[in-house]
Amino acid sequence: MRALITGGAGFIGSHLAERLLLRGDEVLLMDDLSTGSMENIRHLKKFERMHYFLEPIENRQLLTELVDEADVIFHLAAAVGVRLIVESPVRTIETNVNGTQLVLEAACKKRKLVFTASTSEVYGKNINVPFHEDADLVLGPTTKGRWSYAASKALDEFLALSYWKEKRQPVVVARLFNTVGPRQTGRYGMVMPTLVGQALEGTPLTVYGTGKQSRCFCDVRDTVEAILRLIATDRAVGEVVNIGSDFEVTIEGLADVIRSRTQSSSPVTYIPYDQAYEPGFEDMLRRVPSLEKLEKLANFRPQTTLPEIIDRVAEHLDPKRNRDFVRTRQAATAAD
Ligand code: UDP
């Protein structure tokens, strides 16, 4: 298979590219390195079947050529990370909406399958967890910048589903819940790399708000597996499917597990949302996916446990220190 991955140098895109290359597929990768980085894909350059193009998705001519060459398109290019969204709302809205429109338009000429990545953010302030794909989207007012991300992704979903209904352009829409793993950067505010990094450095772990808000963290390898299974079944075409873990942990609980896995003596410090983001920032208290539909369509549930995820992230951030730590731990377990 020849796959085009937009946003292929991003965190999830680079893991998807790696997986496809390892199984023998050819990968066309398009990324403008706005939030992705060469670091993420440097180790993939050795594959002859990998071709990368450092161009924005707005380069319509290149996008069209690459779409024509591909058998399937994974559209992952997007503005991500709550901090980026709060700081650069124009870029968020434009990238998310225009990018998806260009991809669908190009794919539709030859009805190439498009997998498009949406987000659990679209459920907004809905409190009825677990979230089922047909649940109401409960967004805040347009005066609060945070909701522009959810609204722009919801529009992407409408567009993709409309292309399917009206033009029989095959699409699979996935709502990705918190996805974590090696190569995710804390630069855009994501909690897992930020807290693990702080624990390894011995600086205070910054828990925002009360720390009672919860999330479910899914290892990126499981996310990639779910994506590949979904695009392999015709039953997922025209559907919206949650992808994530349903193991829920509060953020202060996460900070505790991180401190213990990394044997860190860092204290935990609580920072009000107003300071962490912007005045009036609204967070989501809980965010848990229903995985019924994913299980039905892809016959898959995420496998990786939270401690394993934390170990993998720590190993990536500080390979030496963590290897020593794992060795000590194994020796201690053996002695027990
Ligand atoms: N968070 C935190 N400390 C940090 C970064 C994030 O407590 O240094 C919180 C954030 O306010 C949210 C949760 O962790 O409640 C998850 O944040 P992230 O940005 O990773 O993902 P989100 O679920 O908000 O998209």
Side-chain angles (χ1 to χ4, degrees), residues 10-12 35 78-89 92 96 117-127 129-131 137 139-140 144-154 175-181 183-201 203-220 223 242-259 262 264 266-289 306 309-310 313 317:
F11 162 56
I12 300 175
T35 53
V80 287
V82 173
R83 185 167 302 155
L84 181 67
I85 284 138
V86 169
E87 283 166 8
S88 316
T92 302
N96 292 354
S118 183
T119 166
S120 57
E121 278 268 331
V122 298
Y123 291 105
K125 293 192 272 189
N126 193 326
I127 49 166
V129 294
F131 298 143
L137 311 186
L139 305 189
K144 295 203 166 157
R146 180 210 177 116
W147 301 113
S148 64
Y149 181 52
S152 65
K153 281 300 195 175
R175 292 188 181 148
L176 304 186
F177 282 65
N178 295 70
T179 307
V180 292
R183 298 205 287 273
Q184 184 177 39
T185 161
R187 226 179 319 150
Y188 305 106
M190 273 85 170
V191 71
M192 183 67 80
T194 304
L195 266 51
V196 173
Q198 291 162 340
L200 292 174
E201 283 163 17
T203 54
L205 272 62
T206 51
V207 169
Y208 298 163
T210 61
K212 305 275 185 248
Q213 73 274 31
S214 67
R215 294 293 186 271
C216 302
F217 296 95
C218 184
D219 189 284
V220 64
T223 305
N242 291 335
I243 297 183
S245 154
D246 58 1
F247 178 79
E248 194 178 6
V249 61
T250 63
I251 300 302
E252 61 181 4
L254 173 70
D256 283 344
V257 185
I258 290 175
R259 287 173 76 242
T262 55
S264 170
S266 289
V268 172
T269 172
Y270 289 82
I271 300 179
Y273 285 122
D274 285 10
Q275 269 174 43
Y277 298 107
E278 63 179 355
F281 181 84
E282 293 182 87
D283 199 9
M284 290 159 188
L285 221 50
R286 295 176 73 189
R287 205 192 253 169
V288 185
L306 187 61
I309 292 175
I310 293 169
V313 172
L317 291 177

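Just follow the structure's listing: the first ligand is 1, and inside any ligand the first atom is 1.
- With salt bridges taken as basic N to acidic carboxylate O contacts below 4.0 Å, none links Glu248 and Arg215.
- Look at Arg146 and Glu282 and you find no salt bridge, because none of the NZ, NE, NH1 or NH2 atoms lies under 4.0 Å from a carboxylate O.
- For the pair Arg287 and Tyr123, the cation does not sit on the ring face, since its NZ or CZ is not both under 6.0 Å from the ring centre and inside 45° of the axis.
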Quick check for students: name every N or O atom pair between ligand 1 and the protein closer than 3.5 Å, with distances.
from: ligand 1; atom 1: 3 (N); to: Thr206; atom 2: O; distance (Å): 2.7
from: ligand 1; atom 1: 7 (O); to: Tyr208; atom 2: N; distance (Å): 2.7
from: ligand 1; atom 1: 8 (O); to: Thr206; atom 2: O; distance (Å): 3.4
from: ligand 1; atom 1: 8 (O); to: Thr206; atom 2: OG1; distance (Å): 3.1
from: ligand 1; atom 1: 8 (O); to: Tyr208; atom 2: OH; distance (Å): 3.4
from: ligand 1; atom 1: 11 (O); to: Tyr277; atom 2: OH; distance (Å): 3.2
from: ligand 1; atom 1: 15 (O); to: Gln213; atom 2: NE2; distance (Å): 3.0
from: ligand 1; atom 1: 15 (O); to: Asp283; atom 2: OD2; distance (Å): 2.6
from: ligand 1; atom 1: 20 (O); to: Val191; atom 2: N; distance (Å): 2.8
from: ligand 1; atom 1: 21 (O); to: Asn178; atom 2: ND2; distance (Å): 3.2
from: ligand 1; atom 1: 23 (O); to: Asn178; atom 2: ND2; distance (Å): 2.9
from: ligand 1; atom 1: 23 (O); to: Arg215; atom 2: NE; distance (Å): 2.6
from: ligand 1; atom 1: 23 (O); to: Arg287; atom 2: NH1; distance (Å): 2.6
from: ligand 1; atom 1: 25 (O); to: Arg287; atom 2: NH1; distance (Å): 3.3

Working note: Gln213 + Thr250, criterion side chain to side chain donor-acceptor pair (under 3.5 Å); need CA distance, chi angles, decisive distance, verdict. CA-CA 5 Å; Gln213 73 274 31; Thr250 63; over 6 Å; no

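- The side-chain contact (heavy atoms from CB on, under 4.5 Å) test with Met192 is passed by exactly one of Ile310, Thr179, Asn178: Ile310.
- Scanning for ring-ring contact (aromatic ring centres under 6.0 Å, His included) contacts around Tyr149 gives an empty result, with sequence neighbours left out.
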